[in-house]
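No hydrogens, no waters, no symmetry mates; every other heavy atom, side chains included, goes into these values. Reminder, nothing fancy here: chain letters follow the sequence lines and each chain counts from 1.
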Protein chains: 2
Amino acid sequence: MDNEQEYKIGEFAKLVGLSSFTLRYYEKEGLIKPQRNASGLRYYTKADIKWVGFLLHLKGTGMRITEIIKYVELRAQGDTTIMERRELLNRVKDNAESEMRELQRNIEFISHKIDWYDGKVSSETNEFKSLSFEKYLERFAIYD
Amino acid sequence: MDNEQEYKIGEFAKLVGLSSFTLRYYEKEGLIKPQRNASGLRYYTKADIKWVGFLLHLKGTGMRITEIIKYVELRAQGDTTIMERRELLNRVKDNAESEMRELQRNIEFISHKIDWYDGKVSSETNEFKSLSFEKYLERFAIYD
DNA sequence: AAAACACTTCTAGTTAACTCTAAGTCAAGC
DNA sequence: GCTTGACTTAGAGTTAACTAGAAGTGTTTT
């Protein structure tokens, strides 16, 4: 098993889609701890690829870097913090889910607007009262 | 019909959930054009409530203010820009939808993690290889 | 041995969308 | 008539997460 492949910061950056700047920044913040070789150069492994993948998933749910740091610190404290970590993730998940419902509603709204542009919405099925909205826009258009 | 209710900026701000600062900022950017009374004070109407609602839906799909301004300008140019506006909204919608799929994936990931914390994921059904992830975290936890 | 890349610390700039202050005037509501 | 709120312009501050540059040294690759 040649599992012990090591990557220098530049290669690793390309691999995970982050810049070297960002990787050093994350390290300074405590999010990544690459190893060092005899000359002091950073080396990243396949485990780091997974870890960064995890980071990006957390970030993708809207979790702030400070929260991710908190998670990492809790993990470092061992098994006594398992419930706390679970609850942290649960809060993050709840937030992400309500963000998603919100996004869904906004997409629906904009879809109706597009349908209106396509002439697919008749005035009797027009939930969003586009016509009065358009009337507003007409007044709006008067100005400059 | 007492439809012609008018609101001063402070009232209106509370009504739509924005600050007076933000309303003046939006106005400066060209997103809102409230009317003025004889003394020069801004007055907002019910049409403005709808308009701000629309704005917030657009903003909620990730549309930038500069894009919303572009939309407003297109509308002011009249019916010849209808297709352009439709396509603008369509691009915004596509972006929002792919953002939503991304968010969905991230939520799924985090849900799996929570399940793992709950001990609900057995090692044979573990798609996300949490165990090796945890092994990584163990190594990670070595460092202070 | 030269080019390309990595190391350090420190510091400053970027971006979007606000958010607020100053300073002085004016209007509205009780 | 006093308090609260609105008006103006101009400009500074905030936030998060990068992003970059200087300046000088060391390492790796070709």
Side-chain N or O of [X] closer than 4.0 Å to phosphate OP1/OP2 of [N]:
X: B:Tyr26; N: C:dC18; answer: yes
X: B:Arg36; N: C:dA27; answer: no
X: A:Arg42; N: C:dC7; answer: yes
X: A:Thr66; N: D:dA16; answer: no
X: A:Lys14; N: C:dC5; answer: no

Within the distance-only criterion (no hydrogens, no angle test), does the side chain of B:Ser19 pair as donor or acceptor with the backbone N or O of B:Thr22 below 3.5 angstrom?
yes
Give the rounded distance in Å between these two atoms: [atom1] of [X] and [atom2] of [N].
X: B:Leu18; N: C:dA17; atom1: CG; atom2: C1'; answer: 12 Å
X: B:Met63; N: C:dA16; atom1: CE; atom2: P; answer: 15 Å
X: B:Leu56; N: C:dA17; atom1: CG; atom2: P; answer: 13 Å
X: A:Ile69; N: D:dC18; atom1: CD1; atom2: P; answer: 11 Å
X: B:Phe12; N: D:dC7; atom1: CZ; atom2: P; answer: 13 Å
X: A:Lys59; N: D:dA17; atom1: NZ; atom2: P; answer: 7 Å
X: B:Leu23; N: C:dT19; atom1: CG; atom2: C1'; answer: 13 Å
X: A:Ile68; N: D:dA16; atom1: CD1; atom2: P; answer: 14 Å

[X] versus [Y]: any side-chain heavy-atom pair under 4.5 Å?
X: B:Gln35; Y: B:Arg42; value: no
X: B:Tyr26; Y: B:Leu18; value: yes
X: B:Glu102; Y: B:Glu99; value: no
X: A:Val16; Y: A:Tyr44; value: no
X: A:Val52; Y: A:Phe12; value: yes

Of the listed nucleotides ([options]), which one gets closest to any side-chain atom of [X]?
X: B:Arg64; options: C:dC7, D:dA17, C:dA16; value: C:dA16
X: B:Arg24; options: D:dA6, C:dT8, D:dC18; value: D:dA6
X: A:Ser19; options: D:dC7, C:dA17, D:dT19; value: D:dT19

Does A:Tyr25 have any ring-ring contact (aromatic ring centres under 6.0 Å, His included) partners at least two apart in sequence or in another chain, and if so, which?
none
Angle between ring planes, A:Phe109 versus B:His57, binned at 30° and 60°: parallel, tilted or perpendicular?
parallel
Is the ring pair A:Tyr117/B:Tyr71 parallel, tilted or perpendicular, if the boundaries are 30 and 60 degrees?
perpendicular
Heavy atoms of other groups near B:Asn37 CG, more than 12 under 6.0 Å
yes
Expected list for residues 87-107 of chain B near DNA chain D, using heavy atoms below 4.0 Å, is none
Please tabulate, for side-chain N and O atoms in residues 58-70 of chain B, each donor-acceptor pair with protein atoms closer than 3.5 Å (sequence neighbours left out).
{"unit_1": "B:Thr61", "atom_1": "OG1", "unit_2": "B:Leu58", "atom_2": "O", "d": "2.6"}
{"unit_1": "B:Glu67", "atom_1": "OE1", "unit_2": "B:Arg64", "atom_2": "N", "d": "2.9"}

Under 3.5 Å donor-acceptor pairs involving side-chain atoms of residues 87-95 of chain A, not counting sequence neighbours:
none

Write out a two-atom table: protein N or O, nucleotide N or O from nucleotides 10-14 of chain C, distance below 3.5 Å.
none

Give each protein N/O atom lying under 3.5 Å from an N/O atom of nucleotides 21-30 of chain D, with the pair distance.
{"unit_1": "D:dT28", "atom_1": "OP1", "unit_2": "A:Ser39", "atom_2": "OG", "d": "2.8"}

